[in-house]
Amino acid sequence: MVTPPDTATDGFVAALRAQARRYHDQHPFSRRMVAGELGPPQIRGWVANRFHYQASIPRKDAAILANCPDRDVRRRWIRRIHDHDGTADGHGGTAAGGTEAGGIEAWLRLGEAVGLTREEVEDERHVVPGVRFAVDAYVTFARTRPWVEAVASSLTELFAPDLMADRLAAFERHYTWIDPAGLAYFRARLTQAPRDSEHALQVVTEHCRTPDQQAAAVAALSFKCDVLWSMLDAIDRAYPDE
Ligand code: AHQ
């Protein structure tokens, strides 16, 4: 028997995907980055500030695990922590950068590739208040909202692969002063983001069945778009064109 179209779910997924128009690939800072118009100080400022986001992702995901009662969801969600933190024994996880060192380590290597020291990235001396507040709002959202809403907020990753590809091409073409080895992080996201968003979309469509639940999931994704947008607002203001 042919499964009848689930129009409610199709409309729900369409509403989630419509948030793409608010994704930070549309932000002026992101557009100037992809166009090759940013100078080294702006690239370095962006890498140093985004470290706070990258370093916060595992704690965001751990908050979702802590709130999630579903073992099957947790078994897959925990991979995100290994992707970012790496694995202590250096085995298992397909951590960013193709190594078990994890995405946070890969981001520190990106920092070195753009001319920052590991120390000044890790101690977050360059992180501006607007970035800190936006990232911390995301972690607090994951800690305090129903776990399915926190899962829905990660669905910005539906829109990430195209941006990662554009960014990689831009870095390789326009920012040749950056050691290409430092771009391993973005290459890893090309496969991790679609894998993650496919799981998150499956979870959200299975658990959000009522109009109120679906509206809350769309609102969570809209909130996350604001988190990413606010980060670039703060970075753009802190590192203006020279
Ligand atoms: O590097 C990124 C990353 O590890 C994650 C985790 C995920 C989440 O759980 O919210 N979102 C995300 C994103 C990463 N990179 C951003 C970028 O533009 O480099 C994109 C961002 C996202 O789309 O949410």
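Position 1 is the first residue of the sequence, and the numbers go up from there. For ligands, and for the atoms within them, numbers begin at 1 and follow the listed sequence.
Of the protein's non-hydrogen atoms, the one nearest atom 22 (C) of ligand 1 is T156 OG1, 3.5 Å. At the shortest separation from atom 2 (C) of ligand 1 among protein heavy atoms lies Y185 OH, 3.3 Å.
Residue-ligand proximity: F159 is placed with every non-hydrogen atom at 4.0 Å or more from ligand 1. Residue R50 places a heavy atom less than 4.0 Å from ligand 1. A heavy-atom separation below 4.0 Å is found between Y53 and ligand 1.
Comment: R195 engages D83 in a salt bridge, judged by a side-chain N to carboxylate O separation of less than 4.0 angstrom. Contact check on E120 versus R44 returns no salt bridge, with no Lys/Arg side-chain nitrogen under 4.0 Å from an Asp/Glu carboxylate oxygen. Classification of R79 and D196 as a salt-bridged pair fails, no side-chain N sitting under 4.0 Å from a carboxylate O.
Close contacts between ligand 1 and L163 involve ligand atoms 18 (O) [criterion: under 4.0 Å to a heavy atom]. Those atoms of ligand 1 that come under 4.0 Å of a heavy atom in K224, given as number and element, are 8 (C), 10 (O), 11 (N), 24 (O). Each of the atoms 20 (C), 22 (C), 23 (O) of ligand 1 lies under 4.0 Å from some heavy atom of Y23.
The aromatic rings of F171 and W46 lie tilted to each other, with the angle between the two planes from 30° to 60°.
Polar contact check, Y138 against ligand 1: a nitrogen or oxygen pair lies under 3.5 Å apart.
Under a cutoff of 6.0 Å and an axis angle of 45°, R109 and W107 do not form a cation-pi pair.
Counting only distance, with no hydrogens or angles, the side chain of N49 and the backbone of V128 share a donor-acceptor pair below 3.5 Å. Side-chain atoms of R209 come within 3.5 Å of backbone N or O of T205 as a donor-acceptor pair.
Here W229 and H27 bring their ring centres to under 6.0 angstrom of each other.
Nearest residue to atom 18 (O) of ligand 1 from R167, H27, R189, R80 is R167 (criterion: closest heavy atom).
Heavy atoms of Q192 found under 4.0 angstrom from ligand 1: none, in either backbone or side chain. With a 4.0 Å heavy-atom cut-off, ligand 1 is reached by no atom of D83.
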